[in-house]
Every structure is written in C-alpha cells, then in structure tokens.
Amino acid sequence: MRAAFRMPAGGRIARGETLSFRFDGRIYTGHPGDTLASALLAHGVHLLGRSFKYHRPRGVLAAGSEEPNALVEIDRGGGRRTPNLRATEVALYDGLVARSQNRAPALSFDLGRINDFFAPLLSAGFYYKTFMWPRRAWRMLYEPLIRRAAGLGRAPEAPDPDRYANRFGHCDVLIVGGGPAGLMAALAASAGEARVVLVDEQAACGGSLLDETTATIAGQPAPVWLAETLATLNARATVRLLRCATAFGYYAENFIAIAERVTEHLADPDPGLPRERLWQMRAREVVLATGATERPLVFPGNDRPGVMLAGAARTYLNRYAVRPGRRAVIVTACDSAYQAASDLAAAGVEVALIADLRDTLPAVASDLAARGIRVAAGMTVLGTQGGLRVRSVAVAPARGGASVRLACDLVLMSGGWTPAIHLFSQSRGQVRFAADLGAFIPDRSVQRERSAGACRGLLDLAETLADGARAGAAAARAAGFPVPDLPRPAVAGAITPAGFHLGLCPRAAATRAFVDFQNDVTAKDIARAAQEGFHAIEHVKRYTTTGMATDQGKTSNLNALALVAAATGRAIPEVGLTSFRPPYTPVTFGTLAGLSRGALFDPVRTTPIHPWAEARGAVFEDVGAWRRARYFPRSDEDMHAAIARECRATREALGLLDASTLGKIEVVGPDAAEFLERFYVNALRKLGIGRCRYGLALGENGFVRDDGVIGRLAPDRFHVTTTTGGATATLDRMEDYLQTEWPDLHVWLTSTTEHWAVLAVQGPQARAALAPLITDIDLAPAAFPPMSVRVGHILGVATRLFRVSFTGELGFEINVPADYAGAVWEAVAARVAACGGAVYGTEAMHVLRAEKGYAIIGQETDGTVTPGDLGLDWTIGKGKTDFIGKRALALPDLRRPGRKQLVGLLTTDPALVLEEGAQIIAGPNPSPGSTALGHVTSAYPSATLGRSIALGLVAAGRQRLGARLYAQTPGGVAEVDLVSPVFFDPAGRRIDG
Amino acid sequence: MLLIPCPYCGPRPEIEFSYGGEAHLARPRDPAACDDAAWGDFLYARTNPKGIHAERWRHAHGCGRFFNALRHTVSDQFLITYRIGAPRPEIAA
Amino acid sequence: MAPSRFSLLTLLRQAFSGPPDLSAHWRSPAPGPAYDVVIIGAGGHGLATAFHLAAEHGIRRVAVLEKGWLGGGNTGRNTTIVRSNYLMAESAALYEHALRLWEGLSQALNYNVMYSPRGVMMLAHNVHDIAVLKRHIYANRLAGIDNEWLSPAEAKAFCPPLNLAGGMRYPVLGAALQRRGGTARHDAVAWGYARAASALGVDIIQNCEVTAIDRDRAGAVSGVETTRGAIAARKIGVVAAGHTSVVMALAGLRMPLESYPLQALVSEPVKPVFPCVVMSNTIHAYISQSDKGELVIGAGTDAYVSYSQTGGLHIATHTLDAICELFPMFRRLRMLRNWGGIVDVTPDRSPIIGLTPVPGLFVNCGWGTGGFKATPGSGQVFAHTIATGAPHPINAPFSLDRFRCGRLIDEAAAAAVAH
Amino acid sequence: MADLPRADPWRGLALPQLPGLLTLTPHGDAARLSLRGEAASLAPLGAALGLVLPTTPCRAATSGTRAALWLGPDEWLILTPPDDPVRDTLAAAIPAGAGALVDISHRQAALTISGPAATEVLNAGCPLDLDPCVFAVGMCTRTICGKASIVLWRQAMETFHFEVGRSFAAYAAGLLSAAARLAARRAG
C-alpha cells in the first residue's frame, strides 16, 4: 500500500530501507526512524483507537509520551504481548504487529460507541448514585457489566519469556532530557572530569531540535549543530548517553530511577539481551531539562481523528516527512502554531485559516498573511464535525457573531505550552504559578538539582540553550569539577511560543469538549463536579478521573485546573496542583523486578549435606530461606511410612539428622558469661567449662523469642546455638544490647552458623556408632555426661562435639567445618546404617521431640507465649535480679491465672490425627461466636506410641490435666483428653544411654 | 533509597542499614524499680515527631556499628549522626 | 433475579430509578464557635464516627476538622481490601462487625461504595504457612466467620492467573479463602459518609488544622485552636491516622505509635483478568483489580519513621518481583502510579480505640496497614465510646492501657500476617 | 590437618567467563579468621601477620599471601593460606581480654572477579559506586549483592575479591551469571 502522505524528501527517516508492518491485520510500510504513529499517518490512517468510556473514535493528538489517544497492543508472539503502548512512542521495525484496543467488533465499527449516546448516564460520579438496588445487584449484575466495559488493552495470558536487567549507577552530573537545554548542559558539564550521564526518552537525542528546519544555531542550521554537538559528546569518555531511557522517578538524595528500553525497537533482538534495564542512578548533581508539552484547546469535538496539536503536526512533517492532512484549519492562542502553519504551507498542505483566539495578532502573522494564508484574530472554535475523521470545523468571532464551517481534514490547535515539572515536583521542589505562561514552573529546589530551559518556562530557543549551558556548568562546579562558561550561541529563524489559552474556548459548549481525552472527561464533567461540591482539585480528579489515565494528565491537568478555578470563582493557584507521582510514564513490572525471578527471586540456602540428600531422593521443605530435607522416602514408601520408619529407627537404634541450619554464635570476651547471664533467662554465669545449658531468650515484653544450647568452651568463650529461623535476629539483638545498652561489657560476637555443619546422631546406638570415628574424646558416660561439650577430632577433622538431645535419646551433635561435612557425613551415615539406624529429616525430628513434649519456637510459641506458659519456669535462674524480659514477666496480664499453657492432647480415637491450628473447646457443639480455650500447636501420628499425639496451648491447661475437651476437625469436633506433654519416657532415662 | 552517612564508612545506600527506632530510650538500670506504667512507657511510648527525629541506625551490611542520627521525618534528610551514648546534639529545625 | 435475564436496557431502567442529584454532596460551613463533639480528622473513620454520633446517638452538633481535604489521607490511598478473617478473637470480632456493616453500607448511606465481595485469598507457600492459615480458618469457623481451605488446584480455579508451575521459589501449597471478603471504592466511602453525616447536621470543615487542644482547670478538654479559629467542645475524638502522635502531643500525650510510609501502586487499566483479592504474607504481595481495570497492588512500609508520603523505590521493586513471581504473565504490564500514605503502627499491630488519660479526649488510631476494612465498624464503636464515655464491648480490648498491663493483641506476631 | 578432602562450595555451580571481559575464579582453600577487638591493643597480632592492622575504614593491608581487611572499627577479616603456621600463633598475640579471634574459614565462599566488565557485573546487584576514584584499589567493605550480604575487596583496578556466605554461593553464582550474560552483549 502506498504511503500517500509521505513527502518525497526530507525528514529523519532512512528511506533506503522499507519496513512492513501490520495494524489490525492490514499491511503497511514505513522506514527506520518512523514511529508506528508516523508510519500510519503516512498512509493517511488517523483512526488509531477508541476512548475509554464512550468508545469515541480517536486519532493521534501528539507525537510523544504525552499522547492520550493512540494506544495500541503490540504482539511480538510467544507471550510477548504488550497492551496500551503509545503509537507515538513505538519505534517501527520490520514485521511489527499492532492492534487497536477497546473496540468490538472493529475499530471502524464499534458497538461500544452506544455508550456515547448514553453519555448523560455515564457522566462523572454517576456510579456512586445508583446501581444500588436491589442490594445484591451490584456484585451480581452491575459490577460485572461495568468491569467488562472498563479497561483498555488486554493483559497478556502467557508468562513473559523476556529478561530484564538492573544496574546501580553513579555519576557526578545527571542530565534528564536531550533537547537543546540538556545538550548544552551536557556540553558544559562534561568540559571537565565530571562523570556526566545524559538521559533521553526518545530514540534520538535532540528533542525539539529534531523538528527544527528553519532555525540556525551559532550560524549553523539546527540539524547540523545537533549532529556536531552529539559527536562532541560521544567523543568524551566521561559522558554516557542513555537513549530510549525514561527517567521516571526522582527519589530522596538525588536517586533517579531510569527505565532503559534495550530491544524494544529491534525486529529480531538477541535473546540474551534484556528487554529493558532499570538504572538506579545516584547523582551528585541533577539538571532537569525535561522540556514542555503543548496543550490542547477545549471545545466540542476536539477529540476527533484529524484534530491534532500544532507542534505534533510540525513534528510529523519535519521529522518524519509526513503530511498530517491535505487541508488544515489552525486554531491557536500561541505563536508556535504559526511556525507549524508556515512549515505545512511550505510542504503543500493547504492552510484554510489560522484562527487566533487572541485579539491582537503576533508579528509573525503578517509573514503568513503575506504568503496568502488567511489569519483572523479574536476568533474561537465552536466545534468539529465528522465521523471517523474530522470533516469540518466551526469557527466564529469570540465576542459573538455568526460562525462559519470550514471543510478540512486536519484541525491543528495550540493552547500554549506546559513545562514538564513532574520530576522536579517528585524531588519535592516548590513550584509557583507563572501567570505569563498560564502554567506552574519550578520555584525552589530542595535537592541538589536545577531545572533548565523549557521545563522552567524558557520557551525561546536562544534562552533555552543559554540556560542549559548555565545549569550544566553550575552542576559540574557544585559537584566539585571546575569548568568554563560556554559562550551563548546565537540563534536565528526560530519563533518564540508566546501566548496561551486555558479552559473552555469562548462561546464553546462544555458538552463533549474533552479535557482528559483518554478517560473521556469533558469540561461539563468538571463543571458538574464543582457544582456537586468537589472543590479540592484532588476531589475533582478522583470524582471525574481527569488526569488519572495512562498519560497521567500531561495534556489535561492545566485545563482541568482552569475549569475548576472558573467554576468555583478562584484563581488557579488557589485551586492548587495535584501532586506528581512516579512514574513519569508507565514502567514495565518486569523492569522493576529486574533480575529477581525464579532462583534469583530469593536465595535458596542449602547445607553441605544437601547434595547427599538430593542424591538419596529426599523430599525437601522450605524453612525460612533454608531448604531442608523433610524425609527420606524409600521407593515403596509414602510420607507417613517414611517418617514412621525414621522415628522407629531412631528410638530403637540410631538416627542421623542434618542440623546444620541451627544458628551458631561464638561469644568471646572477659564479660561473655555476664552478658549471656543478662541475655538469657537461665543462670549461666557459673556454667562450668565443657558444660552446656538450655538457654531461653525473651523479648523485653516477656514473651519467648528464641532458644538454644549454650556451651562453655573456656572461661571467656561460649558456643551458643539458636533456632534456624532465629539465628540472624538473635545475633542482631545481641549486638544491639552490647553496642547500645551495655557498651561497658567486653564481649565480641561472631556468627559461626555457616562455618560449622551439624550432624545430630541420636539413639541408643549413638555412642557405639561414633566411637570408632572419634579417637581423642572419651565418650564414656562418666567422662562425657549429658549437656556437655568436648573439643577433639572426628576422622581427623576438628570437631566440637555436644552431648545434647532433641529426641530424648542418647544423643550427640557433631560440629565440623562445613567444607569437611560432606565427607564426615558419608562416614557417619555408613556407621549409622551399620548400626541399624536411619537418616531422618525435619518431619521425624518434629515427631521425636513432640513425643518428649519439647516446644519448638514458632510452633508452640507465637510471640505471645511466656516461659511459664510453656512450663519452662524452671529454666529461669533463681535469684537473678534482671535479664531481658524479666520485668515484663511481672506485668498483670503475664501473671494472670488462666493463661494458655502447653499440654498434651490425646484424641479418644487413637487413629485420628488432629490438624495443627484446630481450636480447643469445652463442648461438642460450640455456639457460633464462642471463644476457644486454646489451639493445637503440633499433631502427628507417633509410630513409637502407636497412636496420634498432639501438643496444644490451653487456658489453665495444667489445672485441666485429665479433663476431656474437644478439638475441631475438618468435619466437626473430636474428643481429646488433656495429658502431660511428655508422652514418652517421662522419667527421661533414655538420655543417659 | 536514602543515602545514609555512616560515621565510619561514609555515605552508603539505605539497603545496607537496619533501622533501630527512636534513640535515647535507655533501658532502666533497675527495671524492677519501674512501675508497670513506667515500664510500659519505656517499652512502647514513642515521640514519633513530625520534624527532627533522634533515631538509631545500624550499618548492618557494612561496618556493623550502631549509631544515632538526627533526621527530618518530612524531608527524610539526615542532619547529623553521632555516637551511641552521646547526648542529642542541639540543632535548629 | 438471574443475572442472565438482564439486558443492557433493563440495566439502564434500573439506573434511572435514582435520578442523578446534582446538589453539593456536603455543606462547606464555616466553623461554629462550639460543638458537642469535635472529631479531628475527616478520613473514613472520622466521618463514619460523626455519622454514627448523629444517626445513632442523636448527637448532631458535631464538627469534623480536616487539615486538608476530606478522605485525602489513608482512606484515599489504600488498596481497598475488605476482610474479617483475623486470628485473635478480639480482632475477628471487630473486623467482622465492620464486614457486616459493609454488606449494607451502600444502602445505609444511599451512596454506592461499590463493596464487592469477590473473595480474599491468602496463599500458603510452606508448611508453616499452612499451619498458620488453618489456625485462622478454625478460629474463624468457631467465631462464625467464613474462611475455608483451598487446595492449590482449587485456588487456581478460583484465581486462574495463579502460577502453579513447578520449580517456583515459593510454590503455592494451598490457600485460605474468605468469600465474603473483597474490595470497596475507597473515595466513595469517605464521600458517602460525608454526604450522609452532613445531611444529618454534621459540619465538615476542611482546610482546618488543629493547632492546640484546650484544657480546663480540671485538665479536661474544653476545645481546640485551629487555623480557622477557636472551637469549644467538651468531647474530642482524635482520628488522625499517621498524624495521631502529632495531634496527641498537643494534649501532652506520648503514644505507643510510630508512623511509616506505606506504598501502593496500580498498573495501567486492562480488561478483567483478576477476579479476586490475593494476599501472600510470606512474600509480601497483595493484589486485586479495580472496576476501572487497574491492578491494585499493595507494597510494604519503609523501614523508618517518616511523614513523607513518598517511600523508597526498593520497596516497590521488591513488591513487584513478588507479584511477577506469582503471576508471571503480568511481567509486561506497566506501573501507572505509585504513591504512599502514612500509617500509624502500634507495638502489637492492633488498633487503639477508646479513652485516654485526658478527660473528654478519645482516640481511634493505630490501624497500621489495615484500617480501611474496619471503617464502618470502627466509626460505630468509636461513636458509642464518645457518646457514652465508655467503650463498646467490641473495642474494650483495644484500650490504650493494654500496653501497660501487657494484654497485647498481637495479630502480627501470632499470625505472621500483615493486615 | 584433616585427612579428608575439603569440598569446594562452588563445585557444580556454573560461573560465567567472558573472554577478554570477565573471569571468575573460585578462591580455593582460604583460611579465614574473624578478628574483633580494640585496634589499639591488637597491634601485636598485626605484627605477627607481618602487617599493620588497618584502622582507616574500608582499607585492606596485605603482607605476601596474608591480608587483613577492615570490616568495622572493631572487626577485621584475616585471610591466610590454609596451611599458614601463623594461624596457631595469632591467638596468643592478642593481649588477654582485648579481643576475639574466631576461625570462620568455612563460613564464606570466595571468588576472584576480574576483567573490564567486573564493575558492571557487580553493579547489577551491588549498590556501591565502584568507580576507582571512589572505591579505590585496596579498599574493602561488607555490602550487598542482590539479596546476599558480601565482602568486596578491590585488589587491582579490574580485580575484586568477592566473599559470600557459604549457603549463598549458588545464589551469587546465578546472579553473577545473569548479570554477565547481559554485560556480554551491548545493546545496539
């Protein structure tokens, strides 16, 4: 298909190469350098989308990231489908597939259009006043209908195969925006040694200069000056140019978030490349040169395809060599539209009229008049006509008089320019309203930042260039790099965009006069919101949804403000400004997630024994960040059979557990004993060398936080273990107290969690199994009693051998350096097998300890449990005047009778295993809303006892021992008898082995 | 991400630090001497000011040291850092 | 009425049954010299309190003072999740009370708050999560609150975008579902209460910051000083969320509160793709889809006390990597807006609703990250507390003095569940 | 000491190699000691190592194959060859009660990361400014890499010593590989 509207020459497109692409199934052609929008316009295609609510036909309004209308879906195949992309930003590549959105069955014939005729119904805030009856209808009927109507594009259905990257960056001067101001700032800032980064959201740097054909800078045509400037910057090693990169967030301490699109513009990208990369950039100094956005005029039918911003038309003409129409009518309140008119006329587009809303014409008007172009002052625009494309426009004298309809296929408008202060506002800078611009501009910077050029209201090209140079030099100097001032470049042949109009055009009706195009918010909606008492701009925004579309109101915010001001009789500054939030333009979730996916989402921590367990087909479970072997099923076993076997083997002969994940802390120093005495509830000061003690640590609120075993290796050296989950928190709490509460204590802490792997050897055969492997430690009961620690060697490897038991059996915990653990484990496992034992996992470990009534922190405790609740009062050192949590234990509620206490629970049906979390109740038929006596904390089938067992926390449980209560089951309740939590070997003889 | 001036390592990114809450809440020398109200207030009552806040930070993934800082809770800007145990510096808002 | 029997036209007929009323939603009066009750803070909770004072207790000389614009705080910044499946009996009672009010709120206020009980699903990713969620389910069942266990397949059926693919870092091992849970339109809640309260005579005074709390000789409150003049009142209810500490300091009180920025974000609007609310406390992800089509995603709080309504980027990125892990097809969607609110957090993560040591001064605060869902219930019991001078049985456990006697309601610690 | 072989935590993990851009070398059987205490009293220990214990923050001191890395005002990481006899004499060099010496040889796994792409790859997960003017040769610190805590020491302009907790080795290898894959190809 021929691109009828493409100029024979000119533009920044590579005509040598032709690209073909599809839009709604139809094949078109374009060239490298085109955007999807410019390529479609070259074919005379203006209808690109449908509006959010009324499904009105919409075309291309703008040429950049401010575009509210031309949203499309791009499908690269294989799950690579992206909704809501702006055709004005989509770089064209060969084979691109684009679809229009929010229409059915077709873009040119959309049944949703009916909404437009019911506009009165769907006006702002309507939802809040109806759809309430009957009561269930909202959920059943209205909401589904509204939801189906809402939304623009379709979310992808397949997982995204693309990769995303992250990069932390640092620089001395970050410049946002590669237009005239930004380029000059970069030139000036990089004259010294400063590391300069220039970020631009477009594929090519240059900003407004990319559209410039008439102006000259420093005696050269603008395009030449631009090329030379970019060459200079590229040649400087200290400068990095980031193109296709949007600085979307400005955070504390000059931390700027930048989304770099790496492959989006490529037809066939290298699969190894990230699709996008997130730059988290910390800059010493920042220069914001973010430019300005042209504002639409507000009049009925200002949204028809073919109605366009004047500056955008100029961009399509000069940058893409595309005529946006054949016959144009221009309505403007700003001089810049005359430049567009001039360029269009020169390109052979008939300019039927320039209707200026202002009473006095600018000087430039006479030049155009001289070229035979009709120019009229004091005009207004009353509306447009047409279906899928504007057919005519009605203009009239602003102060009354007959209107005339002018046939045209293009209406260009300019209401003036809005400085892009989004990032400045995000940096928490203070803005002020500039009456001469009809816009807000930066006033006071809060961070080490300076704005330059159009984004601070300097719309004159010469001013902008000079301002950029000033800002760049100032930034480099502030960062500590002396640089010279650049000479102010002379500029000729550019029109300064003076003049503006805000709000509704004179005499124009408010109905279907669009302010926020994408969300279909009209001047009437805003007036109505004000009438209904919504005077705060944030209220208007939320009530009408103006400014809340995917363009973040870049083209609509000021007109909305002006309309609210007019409706409430206030000045714009009194109405205020809605706060700008990140991101400046929408940012891909994947980009923000970066590398963090799958295995890199969160580290999976494994022990040195892990490869062995994996090879033996262990079933694993996640415990915090650790992956631990839960059980070791044999080929014919299910989970319960495996666990039963592992438990039986341990009780009858021997079991081997990988306990390496236990936290370990080496506590060293002359005051180590004193410190532990204060940190744990136990009496530890007098703990003998070579002895161990169970340690219980509380929070200052009196509730159990962690437990472990404390072994004394020397007068000033302790080996302390913590729970797997509590390792980091306990070490951090210890450091906290040492550094901030008790700095007088001479104690130093070192985490040895990962240095020592731990092999727990438990069961009657433990001593026999280990004896051959350990030569220099006397394992005899008398020489090595329970709760003691010895240092020696196992298989020649240095070990710290603990005689401790978490099973109630004769037990040892072998600590060996991690890199040797695999080899030691192999040898011990062989011995265990030889002794008729088995390797067991965390599930059997849970069962074995439950049979003994040992509590597990985080299972029997939940942050609301005291030592007394667990029946562990005995661990509290007698006569200790203080320890962490002691004072809180004296609080009324922690001494209250009737607190929940740890008990054993036996179901009358021995086969029934309760569910953990089941509530304990007094009667079989609880009335709804009745409160529980407690809950089941642990429940297992016990092979040893040949029945199920459970532990629970029950109000005044120890007084109720022997009582019969009820526990919930999935289907109802079950009878349970309260018993001692020690189900097995209550006398504790087996530990003595 | 804040940039936090560690008194030992210099300015470092926030994710290297852990927050320690309000500073200058010394644990009573003799907790037993506190009545329930005093103990409850020590544990839980916080100034939580909108303005300059004296707070504790620890360079957990750096030098490991706790230190105190004055930070403005509206601008989030750090005004000064100082040693644990040192008195709160006088500084104008 | 079976939904299928409705056509677009009947929808429109329904729609016309209440012709649009274009009068102002609420009066904007100048502050009067004196009121029976002054409420500080015109968020959802404050406005609901005023509404119930007027509607249930006949106290209509009520002023609600707002330093900014009504509903502009956390009411208009949260992720709009409504649920009552809490673990602790006290919490469950409070939130269930609120949930029952949600069910008829649109009709009670004659304002469509779009309460949408589409179901709230909490995911279990490990053995511990399963135990915790089942404990919730059993406790809720006993309390008469709906909450049920779903297998991974059932969870996927209820929420098709859920990722059950193997090799996930955090596999979905099951879920707890409260079908009556869902979402509501946050702004509409503030506007609906404001409109209804205003109609009953309550003065809602915006852009009116309280600068002092006056006390009489006995130490009881006698009124407030504001940026719009002095206002006398014998009863003052502070419902200032993140700014509670600041307001209470005016009465010389130091609260067990810390204020943190809490972030949330939305995607660009897309056609319906996400039918319910999904929460994963283990990897800190909360997501639903608004009626407008945006995916609404809750992030975490920043680590430090702050009154700046902007948090760190790393908080949002951490949330989105979790969302993308659970729902890999959303990776190409784009973040449209990211904002923050200031939440006031208590040591036990449960609110404070009741009396203070200062006679006539009442406080409703400490809702942390979960206040929106409680709005109707909170307002009703707080109104009762102010009107009668004594707490309603439902909020009695949430007293300020629990931090002195140790009777904490530690939902967070007990359940490892953010709320 | 031991008759048993010492396992390499990096065994079985794919480490990226980019010819001319990036080389990752597992740092075999290192011996590591955590030294904590007051610098003033620890000079003898430095002497025993043949170096002056660094007291300037984030600086490393080396003596032949031995190194002492400043990790905090009262904390150093001592690196020596595994069979260096000095290790047995160090404890004795600490005046009584002046500090703590703990063997953490197996706690961490180390890599040498070198090449022109080293800083770019590290900066995929490490938030520090690794410009040589800022993080100069001879500087070292504990910091973050992705979601792991690491120790980073710049031994030469393009050479870093990288230590991570033993159980994080797989994660670190994965993260560095992903970062390297992207660094390998420069976007057009």
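Here is how names work: the chains are called A, B, and so on, in the same order as the sequence lines, proteins then strands, and each is numbered from 1.
Here CG of D131(D) is found 10.0 Å from NE2 of H170(A). Values are rounded to the nearest 0.5 Å. With rounding to the nearest 0.5 angstrom, the CH2 atom of W756(A) is 12.5 Å from the CD1 atom of I104(D). How far CG of L101(D) is from CZ of R717(A): 7.0 Å, rounded to the nearest 0.5 Å. Distance CH2/W626(A) to OG/S167(D): 4.0 Å, rounded to 0.5 Å. Atom OG1 in T606(A) sits 10.5 Å away from atom CZ in F168(D) (nearest 0.5 Å).
There is no contact between L122(D) and chain A, counting heavy-atom distances below 4.5 Å. R282(A) does not touch chain D: none of its heavy atoms, backbone or side chain, sits under 4.5 Å away. Only the side chain of S596(A) comes within contact range of chain D, judged by heavy atoms closer than 4.5 Å. Heavy-atom distances place the side chain of L595(A), and not its backbone, under 4.5 Å from chain D. Neither the backbone nor the side chain of P269(A) comes within contact range of chain D, judged by heavy atoms closer than 4.5 Å. The contact between C126(D) and chain A is made entirely by backbone atoms, counting heavy-atom distances below 4.5 Å. Neither the backbone nor the side chain of A170(D) comes within contact range of chain A; no heavy atom of the residue lies under 4.5 Å from a heavy atom of that chain. For a residue to count as touching a neighbouring chain, one of its non-hydrogen atoms must lie under 4.5 Å from one of that chain's; by this rule A165(A) touches chain D with backbone and side chain alike. Proximity to chain D is limited to the side chain of E666(A), based on heavy atoms less than 4.5 angstrom apart. Interface remark: V134(D) contributes side-chain atoms only to the contact with chain A (heavy atom separation under 4.5 Å). For A98(D), the part lying near chain A is the backbone, with the side chain staying farther off; criterion is any non-hydrogen pair under 4.5 Å. If you measure heavy-atom distances from V747(A) to chain D, you find no contacts under 4.5 Å at all.
Dense packing is recorded around CD of Q155(D), with more than 12 heavy atoms of other residues, nucleotides or ligands lying under 6.0 Å away. Enclosure of atom CG in D744(A) by more than 12 non-hydrogen atoms of other residues, nucleotides or ligands within 6.0 angstrom is indicated.
The shortest non-hydrogen separation linking F168(A) to P127(D) is CG-CA, 3.5 Å. When all heavy atoms of T750(A) and R36(D) are compared, the closest pair comes out as OG1-CD, 4.2 Å. Counting all heavy atoms, side chain and backbone alike, A823(A) lies closest to L4(D) at CB-CD1, 3.9 Å. Closest approach of R107(D) and E754(A) over heavy atoms only: O-CB, 3.5 Å.
Comparing G37(D), G165(D), A96(D) by heavy-atom pairs within less than 4.5 Å of chain A, the highest count is held by G37(D). Contact count versus chain D (heavy atoms, under 4.5 Å) is highest, among R195(A), R163(A), H746(A), for R195(A). Contact count against chain D (heavy-atom pairs under 4.5 Å) is highest for S751(A) among G594(A), S751(A), G822(A), G598(A). Interface summary for chain A: among G125(D), A148(D), G146(D), the most heavy-atom pairs under 4.5 angstrom belong to G125(D). The residue among D716(A), D671(A), L749(A) with the most heavy atom pairs within less than 4.5 Å of chain D is L749(A). Considering only heavy-atom pairs separated by less than 4.5 Å from chain A, the leading option among D74(D), L175(D), D8(D) is L175(D).
The aromatic rings of H106(D) and H755(A) sit perpendicular to each other, their planes meeting at more than 60°, with 30° as the lower class boundary.
Within the 4.5 Å cutoff, side-chain heavy atoms of K147(D) are placed close to those of F601(A).
Comment: R11(D) does not engage D819(A) in a salt bridge, judged by the lack of any side-chain N to carboxylate O separation of less than 4.0 angstrom.
Checking side-chain atoms of N166(A) against main-chain N and O of A124(D) turns up a donor-acceptor pair under 3.5 Å.
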